[in-house]
Every structure is written in C-alpha cells, then in structure tokens.
Amino acid sequence: MILLKHELLKQEMQKAFSDIGLCEDSRFHAIESMVQTSLRGVDSHGINLFPHYCRAIKAGRINTNPNLQVQKSSSSVGILDSQDAIGHHAGSVAIQEAIVMAKEHGLAAVSARNSSHFGAAAYFALQAADEGMIGMSFTNADALVKATGSKKSFFGTNPICITTPLLNESAFCLDMATSLVSWNKVKNYRREDEAIPEHWAFDGEGKAVTNPHDARSLAPAGDYKGFGLGMMVDIFCAVLADGLISKDILPMFTSPIEAQRKVGHFFMVIDPEKFLPISNFKEKMQDMVDRIREMPRTDENIPVMVPGDPEKKSMEHRLVDGIPILEQVFVEYLEVSASFKNAVIS
C-alpha cells in the first residue's frame, strides 16, 4: 500500500483534470467526492476511480463543460438533463436545487437523467445534512445484480442513501448498495487475485463462485428483498426520470470507453423544521444513535455501531495517516501524471 496526503492529492487531481479540459465545477465536485469517499474508507467509490474517469473524459464519454440547469415542474419538483456530465457535478446541482426548494416548501425532489457514474451516494445526501436537512440520494447502474430465480442480472447495484444532522457529531449516514457488495469490491479482489466469499457473486449460469474472475453478477442484499429495493431505485432513477433502466445502461468498464452511459439519479430533501424544532429533531436523532451504541455487546471487543460509524472512524484516521492506495492503482495515476508522486507520504 502507498499512503497519499489528501490535500496534496486534491491539488494534483486539479491539475490533471484541468489539463484534459474538465470544467471548474465538474473538477471540484468530482475531486471532493472521491477524496471524501476515500477518507471515509469507501475505497471502491473513491480515489481508485480517478484513472478511469480520466480515460472516460479523454475518450469523450464525459461532457467536460455542461450547462446544468434544473427545470422546475412545480414548486418542489425539478428535472435535470445532465448532458452526459460527470455524475458528481450533475448530482450536486440536483441536490442543491432540492435543498433550496425544501427550505421553502418542506420537501423537494429532483430527478436527473443522461448522467454518468456519480461515485458515492453519500456525497450528495451529506450536502443536505450539512444544511440541517434530511437528504436522500439514489442512482441506478448497469445490470449487475442477479434477478431472483434467474441466471442473469437485471438491476444495478442501485444504492440507497439517507442522511440526517445530529446534535453532537457529524451527520448520520446510511449509504448501502441494494446488492450484497459493490462490483468495485469484486474488482479489488481481482487486482489482488484473492478469493471472494461464496455468497457474493455468480457466474454466467447463475452459480455461486469464489474466483472473482468468474463473477458475472452479484447477490442482492437480503435475496428477493434487495432485488425489490433495486427495482424501487430504478422506478425513481429511470421510470420517473424518463431515462434508461439498469438493464439498458451500458457497463461502466467493459463498454467502449467513448460510449455515453445515460445513468439516472434521484434526490429528495426534507426539512425537519417543518415538522418540529430542528433542535428537537437533532436531540431525538442523537438520543437514538447513542442508545444503540450503548446496547449490550455480544463481544466486548466489538462495539455496537450505527450506519456511518465505521466511516467516521476511517475519516479520523485517514485525515492524519493518509489515504491508502494499492501500488498497481497508483501506477495508473503515474500514467496520468508523474507529479502524483508529490502526494505520497514518505
């Protein structure tokens, strides 16, 4: 493993993205999302994806200078044509408009179509929590999750994320794929040539595999329940957004790198203060979180946690110690620019 200083890494990413023509707003959100996500320990959706994004931008998959404007269909509903922008930028425009509308009307939703991979869903929902709001973020993706009872996949990993502010600490954040694991996690095992657990993935005939190179589809979280949740996300991100369903989205890594993928997103924001004083809401949320953590442990060495706790611990350590990256992934960084050596912690 190589350790990277996050602030120096941001600087080098800025230079690299600027050199290949990515506009300022797209650069900002892509970099903030990747670095935040890796600091939170979600390596599958963080800085590991930077070289891929660079290749996609150079090939023309990503619109480097979109003019993103949410079209409001009512006082609390908006629709965004993402114009093949990098998803981190499109998603941020959408959630920020939802925040503005929710502050006035209590609840707002924005759909986005014709987008690209947007990284971690938490990046967007946390923007709402920072404003004292409940944030929800969804995206669909190419078909990777095996349909219950079938040999083949239909929906993507289709994540669900919800965040809320807390009284005494950073926001509560549940960010989960509707698959048991992410496809990028399987790819990480491929890089290391290590076996995956038997219940993670299936081959082309729908049989469970432990060799990550044989994996063609993923297990849904909770069997048919996770499959159903994946369908719910596609209702929001494809049907409601008048975009493509997961089955019709091009694969992220194996389709021609110049091909635009037309991913869909959906964002919802709720203002808790329209229900009760915000101080009461934060106190009640904090009390619930604290009571869960104080529950009796089955193993005294393993704490009881709420969603987001592992990410908070990772953030605390990685801000000081640096972000770890596999040597073979860092080689791809150096292919983009040799100056990424400047971000390495000696």
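What you see below is based on every heavy atom in this structure, not just the backbone, and it leaves out hydrogens, waters and symmetry mates.
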- Task: Evaluate whether atom NZ of Lys72 has more than 12 neighbouring non-hydrogen atoms of other residues, nucleotides or ligands under 6.0 angstrom away.
- Result: yes

- In terms of hydrophobic clusters joined by side-chain contacts under 4.5 Å, are Leu68 and Val70 together? yes

- Tell me, do Glu169 and Val289 make a side-chain contact under 4.5 Å, heavy atoms counted? yes

- Quick one: are Leu4 and Ile345 in side-chain contact, heavy atoms under 4.5 Å? no

- Item | Between Ser26 and His89: side-chain donor-acceptor atoms closer than 3.5 Å | yes

- Query: Rounded to the nearest 0.5 Å, how far does CG of Leu144 lie from OG of Ser182?
  - Reply: 10.0 Å

- Test side chain to side chain contact (heavy atoms under 4.5 Å, CB included) on Gln83 and Asn67 and set out the steps. CA-CA 8 Å; Gln83 303 172 14; Asn67 179 23; 4.2 Å; yes

- Message: Do Phe124 and Phe118 make a side-chain contact, defined as non-hydrogen atoms from C-beta onward lying under 4.5 Å apart?
- Response: yes

- Query: Judged by atom type as modelled, is there a donor-acceptor pair below 3.5 Å linking the side chain of Ser111 to the main-chain atoms of Ala241?
  - Reply: no

- Indicate, with yes or no, if Ile160 and Ile245 share a hydrophobic cluster defined by side-chain heavy-atom contacts under 4.5 Å among Ile, Leu, Val, Met, Phe, Trp and Tyr. no

- Query: So which heavy atom on Asn140 is nearest to which on Ala238, and how close?
  - Reply: ND2-CB, 3.7 Å

- For Thr157 and Ser179, which heavy atoms make the closest approach, and how far apart are they? CG2-OG, 3.3 Å

- Query: Looking just at side-chain N and O atoms, do Thr64 and Arg27 make a donor-acceptor pair shorter than 3.5 Å?
  - Reply: no

- Is any side-chain N of the basic residue among Arg318 and Asp43 closer than 4.0 Å to the acidic one's carboxylate O? yes

- Message: Return the CD1 to CD1 distance between Ile270 and Ile99, rounded to the nearest 0.5 Å.
- Response: 13.0 Å

- Message: Quick one, Asn342 with Glu12, criterion side chain to side chain contact (heavy atoms under 4.5 Å, CB included). Give me CA distance, side-chain angles, the key distance, then yes/no.
- Response: CA-CA 8 Å; Asn342 297 331; Glu12 297 302 332; 3.4 Å; yes

- What closest approach, in Å, do His199 and Ala219 show between heavy atoms, and which atom pair accounts for it? O-CB, 3.4 Å

- Transitive ILVMFWY side-chain link Val336 to Phe330, under 4.5 Å: yes

- If you measure from CD1 on Ile162 to CZ on Phe172, what distance do you get to the nearest 0.5 Å? 7.0 Å

- Nearest 0.5 Å, what's the CZ-NZ distance between Phe202 and Lys152? 13.0 Å

- Go through the steps to decide whether Lys274 and Asp271 satisfy the test salt bridge (Lys or Arg N to Asp or Glu O under 4.0 Å), and finish with yes or no. CA-CA 6 Å; Lys274 298 296 192 293; Asp271 183 359; 2.9 Å; yes

- Are Ile79 and Arg113 side-chain neighbours, meaning at least one heavy-atom pair lies under 4.5 Å? yes

- Check Asp81, Asn63, Asp242 against Asn114 for a side chain to side chain donor-acceptor pair (under 3.5 Å) and give me the one that passes. Asp81

- Could you walk me through whether His213 and Asp193 pass the side-chain hydrogen bond (donor to acceptor under 3.5 Å, both in side chains) test, one step at a time? CA-CA 8 Å; His213 303 284; Asp193 204 26; 3.0 Å; yes

- Task: Work out which heavy atom in Ala85 is nearest to a heavy atom in Ser116; give both atom names and the distance.
- Result: O-OG, 2.8 Å

- Task: For salt bridge (Lys or Arg N to Asp or Glu O under 4.0 Å), just list the numbers for Glu131 and Lys103, CA-CA rounded to whole Å, side-chain angles, deciding distance to a tenth of an Å, and then say yes or no.
- Result: CA-CA 9 Å; Glu131 295 289 330; Lys103 284 182 177 179; 2.8 Å; yes

- Message: I'd like to know if the side chain of Thr178 and the backbone of Asn158 have a donor-acceptor N/O pair within less than 3.5 Å.
- Response: yes

- Would the Phe253 and His52 ring centres measure less than 6.0 Å apart? yes

- Task: Start with the C-alpha distance between Ser92 and Gln127, add both sets of side-chain angles, then the distance that settles side-chain hydrogen bond (donor to acceptor under 3.5 Å, both in side chains), and finish with yes or no.
- Result: CA-CA 8 Å; Ser92 294; Gln127 293 180 45; 3.2 Å; yes

- State whether the number of non-hydrogen atoms from other residues, nucleotides or ligands found under 6.0 Å of Arg291 atom CZ is greater than 12. no

- Task: Please find out if less than 6.0 Å separates the ring center of Phe340 from that of Phe50.
- Result: yes

- Validate the cation-pi geometry between Lys247 and Phe155: distance from NZ or CZ to the six-membered ring centre under 6.0 Å, angle to the ring axis within 45°. no

- Message: Is it the case that the side chains of Ser246 and Asp234 hold a donor-acceptor pair, with the cut-off being a distance below 3.5 Å and no angle test?
- Response: yes

- Item | Any donor-acceptor N/O pair, Ser137 side chain to Ala125 backbone, under 3.5 Å | no

- Closest contact, heavy atoms only, Asn65 versus Cys23: OD1-CB, 3.6 Å

- side chain to side chain contact (heavy atoms under 4.5 Å, CB included) evaluation trace for Phe281 with Ile134: CA-CA 11 Å; Phe281 176 82; Ile134 298 171; 3.9 Å; yes

- Determine, using the 4.5 Å side-chain heavy-atom cutoff (strictly less than), whether Leu334 and Ile57 are members of one ILVMFWY cluster. yes

- Query: Below 4.5 Å, heavy atoms only, C-beta onward: do Val93 and His29 meet side chain to side chain?
  - Reply: no

Side-chain donor-acceptor contacts of residues 31-41 below 3.5 Å, not counting sequence neighbours, with atom names and distances?
| unit_1 | atom_1 | unit_2 | atom_2 | d |
| --- | --- | --- | --- | --- |
| Glu32 | OE2 | Lys10 | NZ | 3.0 |
| Thr37 | OG1 | Ser33 | O | 2.6 |
| Ser38 | OG | Ile47 | N | 2.9 |

- Message: Counting only heavy atoms not in Met285 (residues, nucleotides, ligands), do more than 12 fall under 6.0 Å from its CE?
- Response: yes

- Item | Stepwise side chain to side chain contact (heavy atoms under 4.5 Å, CB included) check, Arg293 with Val304 | CA-CA 5 Å; Arg293 291 173 179 151; Val304 178; 5.5 Å; no

- Donor-acceptor under 3.5 Å (Lys146 side chain, Ser150 main chain): yes

- Please examine the side chains of Leu3 and Ile323, heavy atoms only from C-beta on, and report whether any two atoms are closer than 4.5 Å. no

- Query: Do Met305 and Ile302 belong to the same hydrophobic cluster, where Ile, Leu, Val, Met, Phe, Trp and Tyr are linked whenever their side-chain heavy atoms lie under 4.5 Å apart, directly or via other members?
  - Reply: no

- CG of Asp321 to NZ of Lys5: how many Å apart, nearest 0.5 Å? 9.0 Å

- Please collect all salt bridge (Lys or Arg N to Asp or Glu O under 4.0 Å) contacts where either partner lies in residues 251-267, sequence neighbours excluded, each pair once. Asp84-Lys262, Asp142-Arg261

- Tightest non-hydrogen contact, residues Cys173 and Leu126, listed as CB-CD2, 4.2 Å

- Query: Distance from Lys207 atom NZ to Arg216 atom CZ, nearest 0.5 Å?
  - Reply: 14.5 Å

- Item | Sidechain N-carboxylate O distance under 4.0 Å for Glu332, Arg55 | yes

- Message: Counting neighbours of CD on Gln328 that are heavy atoms of other residues, nucleotides or ligands and sit closer than 6.0 Å, is the number greater than 12?
- Response: yes

- Query: Can you find a heavy atom in the side chain of Leu319 that is under 4.5 Å from one in the side chain of His6?
  - Reply: yes

- Query: Is the closest side-chain heavy-atom distance between Val263 and His117 below 4.5 Å?
  - Reply: no

